[in-house]
Amino acid sequence: MKKFFFLLFASLYSVHCFSDVLITDINILTQGNSIEESVEVIEMCKSFHLTKEQVADYVLESRLSNEREVHDDYYIFPCNSTGTMKINGELFSWIIRAGGVGNFESKDRRFVRVCDEACCKKVKGIC
């Protein structure tokens, strides 16, 4: 029942924001990871946990970007969570980092999304 409600909510929400985006089958595989090895950073990153709702909202509220913009304009924080999801029926692996940079990759393509100021206000806990 909970999964059905979420899928219905995600479907309605996605139709409201982007008529061509359907997000389903969100799986969170790891939470609170760190790309740095210092004890302090590892401990800090343990609290970076996302819910399925946050992940769906992130995809709907963030915008497409590119590696150049991310490199030039965004900080890449060491904390991240990873998982999989289907976007319009296509299976993607994802990594979303604290600060709002996310990478998505399927068998055939990959893209970067960023959460700007408006997105960060709507999707609490990512920025």
Side-chain angles (χ1 to χ4, degrees):
M1 180 68 176
K2 204 174 196 183
K3 184 177 179 181
F4 173 77
F5 175 76
F6 176 72
L7 292 177
L8 178 63
F9 172 78
S11 298
L12 293 174
Y13 191 59
S14 64
V15 169
H16 179 263
C17 293
F18 301 100
S19 61
D20 60 343
V21 176
L22 177 63
I23 300 166
T24 59
D25 300 332
I26 296 173
N27 293 300
I28 297 173
L29 302 177
T30 63
Q31 299 259 33
N33 303 319
S34 173
I35 59 172
E36 291 190 17
E37 296 182 11
S38 76
V39 173
E40 295 84 13
V41 174
I42 290 170
E43 285 302 312
M44 177 186 67
C45 287
K46 285 182 180 178
S47 65
F48 185 68
H49 285 242
L50 302 176
T51 65
K52 290 180 179 184
E53 290 81 8
Q54 285 173 304
V55 173
D57 287 345
Y58 173 85
V59 173
L60 296 172
E61 297 296 335
S62 62
R63 64 176 175 78
L64 284 173
S65 185
N66 58 61
E67 296 294 338
R68 162 82 61 211
E69 179 187 27
V70 169
H71 176 269
D72 293 348
D73 299 337
Y74 286 84
Y75 293 109
I76 302 296
F77 292 103
C79 307
N80 66 76
S81 293
T82 67
T84 61
M85 71 170 61
K86 287 185 179 177
I87 302 174
N88 294 337
E90 185 176 355
L91 182 63
F92 285 87
S93 296
W94 54 265
I95 179 170
I96 298 173
R97 293 172 186 80
V101 176
N103 293 80
F104 296 78
E105 186 173 342
S106 74
K107 185 177 71 171
D108 299 320
R109 61 189 177 123
R110 64 174 54 174
F111 56 89
V112 178
R113 296 188 73 82
V114 294
C115 202
D116 57 19
E117 188 175 340
C119 170
C120 289
K121 288 179 180 177
K122 292 179 181 178
V123 186
K124 302 291 184 201
I126 288 183
C127 304

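All values below were derived from every heavy atom in this structure, side-chain atoms included, with hydrogens, water molecules and symmetry-related copies excluded.
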Exercise. Do you reckon F104 sits in the same ILVMFWY cluster as V123, going by side-chain contacts under 4.5 Å, direct or chained?
Worked result: yes
Exercise. How many angstroms lie between atom SG of C120 and atom NZ of K122, to the nearest 0.5 angstrom?
Worked result: 11.5 Å
Exercise. In terms of hydrophobic clustering (I, L, V, M, F, W, Y; side-chain heavy atoms under 4.5 Å; direct or indirect links), are L64 and Y74 co-clustered?
Worked result: no
Problem set entry | Path from M85 to I126 over hydrophobic side-chain contacts below 4.5 Å | yes
Exercise. Going from CD on Q54 to CD1 on I28, what distance comes out if it is rounded to the nearest 0.5 angstrom?
Worked result: 8.0 Å
Problem set entry | Nearest-0.5 Å distance, OH of residue Y58 to CG of residue L50 | 10.0 Å
Exercise. Same cluster for L29 and I35 if Ile/Leu/Val/Met/Phe/Trp/Tyr side chains link at under 4.5 Å?
Worked result: no
Seminar exercise, completed: Output for pair (I87 CD1, D20 CG), nearest 0.5 Å, gives 11.0 Å
Exercise. What's the spacing between N33 CG and C79 SG if we round to 0.5 Å?
Worked result: 9.0 Å
Problem set entry | Cluster overlap F77 with V112, hydrophobic side-chain contacts below 4.5 Å | no
For this session: Calculate, to the nearest 0.5 Å, the distance between atoms CZ and SG belonging to R113 and C115 respectively.
Result: 9.5 Å
Donor-acceptor contacts, no H, no angles, side chain residues 90-100, under 3.5 Å, sequence neighbours left out:
| from | atom 1 | to | atom 2 | distance (Å) |
| --- | --- | --- | --- | --- |
| E90 | OE1 | R109 | NE | 3.2 |
| E90 | OE1 | R109 | NH2 | 3.2 |
| E90 | OE2 | S106 | OG | 2.6 |
| W94 | NE1 | T84 | O | 3.2 |
| R97 | NH1 | N103 | OD1 | 2.6 |

Exercise. How about C127 and C119: are their SG atoms under 2.5 Å apart?
Worked result: no
Name the atoms and distances for all side-chain donor-acceptor pairs under 3.5 Å in residues 36-43, with sequence neighbours left out.
| from | atom 1 | to | atom 2 | distance (Å) |
| --- | --- | --- | --- | --- |
| S38 | OG | V41 | N | 3.3 |
| E43 | OE2 | K46 | NZ | 2.9 |

Problem set entry | Shortest non-hydrogen contact from A56 toward I23 | O-CD1, 3.8 Å
Seminar exercise, completed: Between C45 and P78 the two heavy atoms that sit nearest each other are SG-C, 3.9 Å
